[in-house]
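On a predicted model such as this, the values are computed, not experimentally measured, just so you know. Each chain gets a letter, A, B and so on, in the order the sequences are listed, and its residues count up from 1.
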Protein chains: 2
Amino acid sequence: METQDAVAALAALAQETRLDIFRLLVQAGATGLPAGKIAEQLGLPSATLAFHLKELKHAGLVTFTRQGRSLIYAAVYHRMTALLGYLTENCCEGNPATCGLPAARKEPA
Amino acid sequence: METQDAVAALAALAQETRLDIFRLLVQAGATGLPAGKIAEQLGLPSATLAFHLKELKHAGLVTFTRQGRSLIYAAVYHRMTALLGYLTENCCEGNPATCGLPAARKEPA
DNA sequence: ACTATATTTCCATATAAATGGAGATATGGA
DNA sequence: TCCATATCTCCATTTATATGGAAATATAGT
């Protein structure tokens, strides 16, 4: 993962509402959640939710598929993995033990 | 690590200049670097650097000690470790394999 | 075609972040 | 004490982000 992408992903997650959304989607798993359900769970106005979903989408952390009238959003795990890989490498300069971490697997994407 | 702290750490790193500063300090290791050296390496005006160092300090990602006229800054590894732990848990809901990662060691701080 | 539902885009507004010059503060040495 | 050095704080300006009402778009059912 490039620095630019890492900054984008970090910025996307560096906001409480978006982090909440992302966590909710991670919990939801591969099935994902329709936008309306997310809004309901977090008590967000639709416009606000749409704004944050766009940010997450732009950072590559979520995707969606249409299903009838609903858009089903889901977390993009490999993107998160790539971010963790980037941070581990740049935190520990190739020696994760520096940060008390086991070695991260090579990022698959 | 609490969500609030994670958001603060993410926000601190979600900025190219600050990420550059942090990486430089990680590379510098436990010895750290004087502010002037950081400014020189990255070509930053002193006011701009001071602003970003304050952000990183506030997020707990760097500390400093005075040494003569210089302030020596150093990366706070355990904070980064805690952030990685938080993200791993919240990305994978206790099952890091979900993201293709080995289990993270329990955060020491 | 019409109506209801799901979600988005548009827009105005409010709030916060980033930049860098100029001046203030702290330390060390002559 | 005076001067140089290292870094910070103050401030004005610019730029980006967050919020949410209202209207637009897409789909489904009747």
Side-chain angles (χ1 to χ4, degrees), chain A residues 3-25 28 31-76, chain B residues 3-25 28 31-76:
Chain A
T3 296
Q4 291 284 102
D5 296 321
V7 170
L10 287 166
L13 297 173
Q15 213 277 351
E16 189 137 25
T17 302
R18 280 195 297 268
L19 189 52
D20 287 346
I21 294 170
F22 188 75
R23 282 201 312 206
L24 197 60
L25 290 177
T31 319
L33 279 179
K37 202 77 186 174
I38 300 172
E40 183 189 309
Q41 297 270 117
L42 302 178
L44 297 171
S46 60
T48 299
L49 176 65
F51 168 77
H52 289 303
L53 283 174
K54 187 152 70 169
E55 296 287 301
L56 286 166
K57 232 184 303 172
H58 189 251
L61 285 164
V62 307
T63 40
F64 66 96
T65 51
R66 181 174 283 280
Q67 193 168 302
R69 271 173 289 201
S70 299
L71 297 187
I72 313 292
Y73 282 84
V76 176
Chain B
T3 296
Q4 292 284 104
D5 296 321
V7 170
L10 288 166
L13 296 173
Q15 212 278 351
E16 189 137 26
T17 303
R18 282 196 295 270
L19 190 52
D20 287 346
I21 293 171
F22 187 75
R23 283 201 311 206
L24 197 58
L25 290 177
T31 319
L33 278 180
K37 202 76 186 174
I38 300 172
E40 183 190 309
Q41 296 271 117
L42 302 177
L44 297 171
S46 60
T48 299
L49 176 64
F51 168 76
H52 289 304
L53 283 175
K54 187 151 71 168
E55 296 287 301
L56 287 166
K57 234 184 301 173
H58 189 252
L61 286 164
V62 307
T63 41
F64 66 96
T65 51
R66 181 173 283 280
Q67 192 168 304
R69 271 173 289 202
S70 299
L71 296 187
I72 313 292
Y73 283 84
V76 176

Exercise for review: Check side-chain contact (heavy atoms from CB on, under 4.5 Å) between Thr63(B) and all other residues, then give those that pass, not counting sequence neighbours.
Suggested key: Val76(B)
Check your understanding: How close or far is atom P of dT7(C) from atom CD1 of Ile38(A), stated in whole angstroms?
Key -> 8 Å
Check your understanding: Minimum heavy-atom separation for Pro34(A) to Ser70(A), with atom names?
Key -> CB-CB, 4.0 Å
Exercise for review: May I have the distance from Glu16(B) (atom CD) to dT15(D) (atom C1'), rounded to whole angstrom?
Suggested key: 16 Å
Review point. What's the shortest heavy-atom distance between Leu13(B) and Leu19(B), and which atoms?
Key: O-CB, 3.7 Å
Exercise for review: Measure from CG on Leu33(B) to C1' on dA6(D) and round the result to the nearest Å.
Suggested key: 15 Å
Review point. What pair of heavy atoms forms the shortest contact from Ala12(B) to Leu61(B), and how long is it?
Key: CB-CD1, 3.9 Å
**Study point:** For Ala28(B), all residues meeting side-chain contact (heavy atoms from CB on, under 4.5 Å), sequence neighbours excluded
**Key:** Leu33(B)
Exercise for review: Could you list all the side chain to side chain donor-acceptor pair (under 3.5 Å) pairs where at least one residue sits in residues 36-58 of chain B, not counting sequence neighbours?
Suggested key: Arg18(B)-His52(B)
**Study point:** Under-4.0 Å side-chain N/O to phosphate OP1/OP2 contact, Tyr73(B) with dC8(D)
**Key:** yes
Review point. What bend angle does the helix from dA1(C)-dT30(D) to dA30(C)-dT1(D) show across its length, from five-pair end axes and to the nearest 10 degrees?
Key: 20°
Exercise for review: Only counting residues at least two apart or in another chain, list the ones meeting side-chain contact (heavy atoms from CB on, under 4.5 Å) with Ala35(A).
Suggested key: Leu49(A), Leu53(A), Tyr73(A)
Check your understanding: Just checking Ala35(A): base, sugar-phosphate only, or nothing, at a heavy-atom cut-off of under 4.0 Å?
Key -> sugar-phosphate
**Study point:** Atom pair distance, as rounded to whole Å: CG in Leu56(B) and P in dC8(D)
**Key:** 12 Å
Check your understanding: Just how far is it from atom OG1 of Thr17(A) to atom CG of Asp20(A), taken to the nearest 0.5 Å?
Key -> 6.0 Å
Practice item. Starting from C1' on dT8(C), measure out to CG on Leu53(A) and report it in whole angstrom. Key: 11 Å
**Study point:** Gap between atoms NZ and C1', on Lys37(B) and dA6(D) respectively (whole Å)
**Key:** 14 Å
Point to revise | Protein-nucleotide distance (Ile72(B), atom CD1; dT5(D), atom P), rounded to Å | key: 18 Å
Practice item. Quick one, give me the B/S/- string for nucleotides 16-30 of chain D, reading 5' to 3', where B means a protein heavy atom under 4.0 Å from the base and S means that only happens at the primed atoms, P, OP1 or OP2. Key: --BBBB-----BS--
Check your understanding: How far apart are the closest heavy atoms of Ala74(A) and Gly32(A), and which atoms are they?
Key -> CB-CA, 4.1 Å
Point to revise | Between P of dA18(C) and NE2 of His58(B), the distance in whole Å | key: 13 Å
